[in-house]
Amino acid sequence: MWRNYFKVALRNLYRYKGFSLINILGLAIGITGCLLIGLFVWDEWQYDKFIKEGDSVYRIYAKRTTENGTTYTANTPPVFAPYLQQNYPEVVQTTRLMMWSGRMLMEVGEKQGYEDKGLIADSTFFRMFPLPLAKGDVRTALDEPLSVVLTEETAAKYFGATDPINKTIQLDKSDFIVKGVLAKIPAHFHLDINYILPLSAAGLPADRMSRWTYQQFFTYIKVKEGSNVEQLQNKFFAASTKERKAESEGSADEEIYEPLFQPLKNIHLHSSNFEYDNAKRGNATYVKGLTIIAIFVLLIACFNFINLATARSFRRAKEIGVRKVIGADRKQLILQFTGETILVSLIANVIAVVATILILPYLNSFTGKTISFNPITNPLLLLLMFAIAILIGILSGLYPALVMSGYQPIKVLKGLKPTGNDGNANAALRQGLVVVQFALSALLIVCTVIVYRQMNYLHQKDLGFNKDQIVYFNAQGKVAENPQVFKEELKRSTGIVSVTAGYGLPGDALATDGVKLPGPQGEKHHSTVLLIADEDYIKTMGAQLVAGRDFSKSFATDVEEAFIINETAVKELGFGTPQAAIGKKMSWDKWGDTLNPVKRGQVIGVVKDFHVKSLHEKINSTVMIMYPPIVSKVAVKVKAADLPATLDYIKSTWNKFSPDYPLDYKFLDENFAAMYSSEAPCFGSLPSWPFSWVVWGCLVWLLLVPNSG
């Protein structure tokens with residue numbers, strides 16, 4: 001019997017070639033789209049699942065609430081970790097990572113290059129995250145101040161086949177000893193690493209490490225099994241509030257600063273709205289949306305199959321009539337037609353698997369992932385794909401099988417309408433499936449248009465400054481020692497518009513120091529973004545003054561007393577209007593100045609709001625100051641004409657000042673493009689390859705595949 005069913009199924013596939021091709025390809029396209037999205041979603045769910053005892057590990061982040069709203073920041077004070085371990089027995093381990101850009105010049109003999117993705121970590125890092133070392137002792141790898149741990153790729157780049165353990169490598173001209181080589185880091189670790197330095201190498205003063213208002217670290221804790229984490233969180237909130245107030249000497253700070261504990265497994269998908277984060281971030285909303293889209297795509301494929309199969313069923317009416325006359329019962333007919341559907345589903349699944357294997361490398365290239373998919377080498381995956389094919393076949397074919405098996409043989413053999421009284425119900429159901437199919441397809445198309453417009457907005461939105469034609473690089477060697485001389489030398493080129501030097505460029509590393517305003521109850525602390533600028537910063541960035549004046553060499557007091565703020569700061573600091581803000585008093589605690597630790601002065605200018613971070617994040621209060629001791633970056637506004645010659649001039653000038661450091665420059669607009677890399681386009685400016693491919697695939701499918709409902 002089963003052999004006969006199989007023969008009949010193959011004959012029908014061959015007899016109705018066009019119909020079979022449309023049915024199989026339609027189902028295969030839907031399954032392929034569902035598979036690709038499913039693989040992406042599954043990969044997003046796997047972050048940090050490999051870490052032993054990971055369910056007991058939490059990252060501390062901060063919820064900051066003011067009268068202007070709530071923000072979430074991943075960076076925390078350095079004192080959190082020691083305080084928690086010393087005062088709460090539930091906490092068995094802590095570790096901290098310092099927030100920094102992580103890019104350094106590495107040199108071994110004649111080999112040199114700039115390496116990013118560096119971490120500065122506590123010596124307890126490997127106890128919190130048991131990443132295996134290919135070489136070295138994991139227990140002592142970060143104990144010495146001038147030690148470094150490299151990845152296998154970084155070690156091979158500079159040492160070749162030589163064992164690097166206890167060998168010297170220079171980092172920004174300082175000698176470090178290689179104490180460990182990391183084995184291959186799992187792709188689903190939320191931190192991206194090329195090398196790790198011990199926290200002691202940062203040389204931070206003890207007073208800064210004990211502060212409750214210095215936000216420069218990422219803090220992780222491990223708690224005892226069975227601990228009440230919510231209770232611990234509440235206790236620490238109360239303690240940290242008390243300590244912050246004591247450190248601020250009772251200043252009237254209206255900000256509510258609440259430290260919260262985030263499970264390690266949630267970091268990747270549930271940190272998309274965090275400011276100042278160093279984790280590889282996904283987006284839980286996108287993942288949920290993609291899951292829904294995958295279901296919709298599969299439903300559309302199944303509905304299309306049901307409609308086509310049911311609409312074409314009258315061609316087999318006589319066959320059904322003859323089978324019933326010679327004794328076939330309805331159960332046998334249902335088994336036959338469901339079996340045929342399962343066969344079609346199996347063929348479609350084979351095509352979908354092959355298509356997925358072929359497309360996956362391109363998707364990995366788009367997303368930067370290393371998703372693998374090979375059912376042939378994975379018996380469990382092969383079994384799962386077979387089970388899915390059977391399930392889809394049954395779900396898609398059951399209704400057409402019930403319809404066809406219910407044909408009345410007498411009417412069929414007389415050439416009359418084969419259905420009974422339920423014909424109208426069958427037609428209504430098919431029409432309903434068509435409506436749902438088109439509704440789901442229309443929904444996907446609308447979603448694509450919305451996301452398309454959103455991405456266009458991200459790329460075309462006026463940022464409040466001009467990011468184009470700005471080259472920037474780290475200030476190193478004599479460039480850092482004599483930035484003004486270097487600037488004047490660069491300005492001699494006719495291809496250079498202006499040059500600025502300081503700390504804090506849009507899209508780059510930023511400081512989050514606050515400022516203090518005088519008040520009736522003492523000085524009040526306000527959190528702000530801090531930009532260390534010079535008299536050419538606003539000009540170079542193309543920002544706009546709306547009140548007051550710019551920094552100027554004509555005013556000798558600007559270095560010690562002048563502040564420039566943005567429009568948001570005017571509102572949040574309570575100054576009313578930009579014009580009213582001019583002359584308002586404020587102060588800032590200097591970095592590393594023990595003789596004159598506080599800069600006190602007044603607002604001399606207000607600049608129009610401009611985005612220094614992603615458009616996903618709101619514009620914060622921003623304060624610009626002059627502070628010559630800190631020069632970490634140089635930005636050069638260049639003309640578009642004869643750009644190669646201008647870049648050559650910048651290189652030659654750099655080599656006069658800092659020949660020991662290769663010039664490592666970037667264009668500022670690259671930073672903003674990188675911010676949206678997780679939403680990278682696949683067709684022009686269409687974002688997020690899963691959305692675009694699937695949705696536009698469905699659109700083409702709708703246009704090309706005839707629907708006979």
Side-chain angles (χ1 to χ4, degrees), residues 78 95-126 131 133-183 185 191-206 208-209 216-217 278 473-483 503 509 591-592 629-634 654-665:
T95 197
R96 296 168 295 186
L97 306 178
M98 185 177 174
M99 190 175 83
W100 73 309
S101 61
R103 190 167 182 81
M104 300 185 80
L105 175 66
M106 286 192 179
E107 296 176 284
V108 176
E110 297 298 319
K111 296 179 181 178
Q112 62 177 196
Y114 286 96
E115 301 296 335
D116 56 8
K117 301 177 183 178
L119 297 181
I120 294 181
D122 265 328
S123 58
T124 56
F125 177 81
F126 289 113
L131 303 177
L133 291 187
K135 297 177 181 178
D137 189 345
V138 72
R139 295 169 298 178
T140 60
L142 294 173
D143 286 352
E144 299 178 19
L146 296 179
S147 61
V148 62
V149 175
L150 308 174
T151 61
E152 285 184 311
E153 295 81 2
T154 306
K157 182 176 178 179
Y158 293 96
F159 292 97
T162 305
D163 186 353
I165 298 299
N166 293 322
K167 298 290 194 305
T168 299
I169 183 171
Q170 283 195 321
L171 278 69
D172 280 355
K173 304 300 179 181
S174 297
D175 290 341
F176 285 77
I177 306 300
V178 179
K179 288 295 183 180
V181 176
L182 282 164
I185 300 173
L191 296 171
D192 215 352
I193 305 173
N194 277 337
Y195 63 94
I196 307 174
L197 299 176
L199 186 57
S200 52
L204 295 175
R208 187 180 297 185
M209 295 299 291
Q216 198 68 25
F217 288 81
N278 70 336
F473 40 84
N474 289 335
Q476 296 170 304
K478 291 185 177 180
V479 170
E481 296 171 10
N482 303 291
Y503 179 87
W591 298 346
I630 301 297
V631 177
S632 69
K633 295 287 171 69
V634 177
W654 170 274
N655 290 333
K656 291 179 184 177
F657 282 77
S658 301
D660 295 334
Y661 292 87
L663 178 62
D664 181 39
Y665 69 87

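- Taking the side chain as every heavy atom from C-beta outward, Arg208 and Pro78 never approach each other to under 4.5 Å.
- Of the possible polar contacts, none joining the Asn194 side chain to the Glu115 backbone as a donor-acceptor pair under 3.5 Å is found.
- For the pair Tyr195 and Leu182, the minimum side-chain heavy-atom distance is 4.5 Å or more.
- Across every non-hydrogen atom of Pro198 and Ile120, the tightest pair is O-CG2, 3.8 Å.
- Contact between Ala141 and Ser147 at its shortest, heavy atoms only, is O-OG, 3.2 Å.
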Side chain to side chain contact (heavy atoms under 4.5 Å, CB included) assessment of Leu97 paired with Phe125:
CA-CA 8 Å; Leu97 306 178; Phe125 177 81; 3.7 Å; yes

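- Put simply, the side chain of Tyr158 gets close to the backbone of Gly113: a donor and an acceptor are under 3.5 Å apart.
- A pairwise comparison of heavy atoms in Lys167 and Thr162 identifies CE-CG2, 4.2 Å as the closest pair.
- When all heavy atoms are compared, the tightest approach of Met106 to Ile169 is SD-CD1, 3.9 Å.
- Under a 3.5 Å cut-off, the side chain of Ser658 and the backbone N or O of Asn655 do not form any donor-acceptor pair.
- A distance of 5.0 Å separates CE of Met98 from CZ of Phe217, quoted to the nearest 0.5 Å.
- Between Phe473 and Asp664 there is no side-chain heavy-atom pair separated by less than 4.5 Å.
- Of the options Leu119, Leu197, Leu133, Val138, a side chain to side chain contact (heavy atoms under 4.5 Å, CB included) to Val149 is made by Leu133 and by none of the others.
- For the atom pair CD (Gln112) and OH (Tyr114), the distance works out to 7.5 Å, reported to the nearest 0.5 Å.
- A side-chain donor-acceptor contact under 3.5 Å links Trp100 to the backbone of Gly118.
- In this structure, Arg96 contributes its side chain and Asp122 its backbone to no donor-acceptor pair below 3.5 Å.
- Considering only heavy atoms from C-beta on, Leu150 stays 4.5 Å or farther from Phe176 through its side chain.
- For the residue pair Pro145 and Ser200, the shortest heavy atom distance occurs at CA-OG, 3.1 Å.
- No donor-acceptor pair closer than 3.5 Å links the side chain of Ser123 to the backbone N or O of Leu142.
- Using a 4.5 Å heavy-atom threshold, the side chains of Leu131 and Ile193 count as touching.
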Side chain to side chain contact (heavy atoms under 4.5 Å, CB included) for Leu146 and Ile177? Distances and angles first, verdict last.
CA-CA 6 Å; Leu146 296 179; Ile177 306 300; 5.6 Å; no

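- The shortest side-chain heavy-atom distance between Lys478 and Trp654 does not fall under the 4.5 Å cut-off.
- In this structure, Asn474 contributes its side chain and Gln476 its backbone to no donor-acceptor pair below 3.5 Å.
- Interatomic distance, CG of Asp660 versus CG of Leu105, reported as 9.5 Å (0.5 Å rounding).
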Verify side chain to side chain contact (heavy atoms under 4.5 Å, CB included) between Val479 and Glu481, making sure each step is shown before the conclusion.
CA-CA 5 Å; Val479 170; Glu481 296 171 10; over 6 Å; no

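- Of the possible polar contacts, one joining the Gln216 side chain to the Met99 backbone as a donor-acceptor pair under 3.5 Å is found.
- When all heavy atoms of Ile165 and Lys179 are compared, the closest pair comes out as CD1-C, 3.9 Å.
- Geometric assessment of Lys173 against the ring of Tyr661 yields a positive cation-pi assignment under the 6.0 Å and 45° thresholds.
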Taking it one step at a time, do Val108 and Gln170 satisfy side chain to side chain contact (heavy atoms under 4.5 Å, CB included)?
CA-CA 7 Å; Val108 176; Gln170 283 195 321; over 6 Å; no

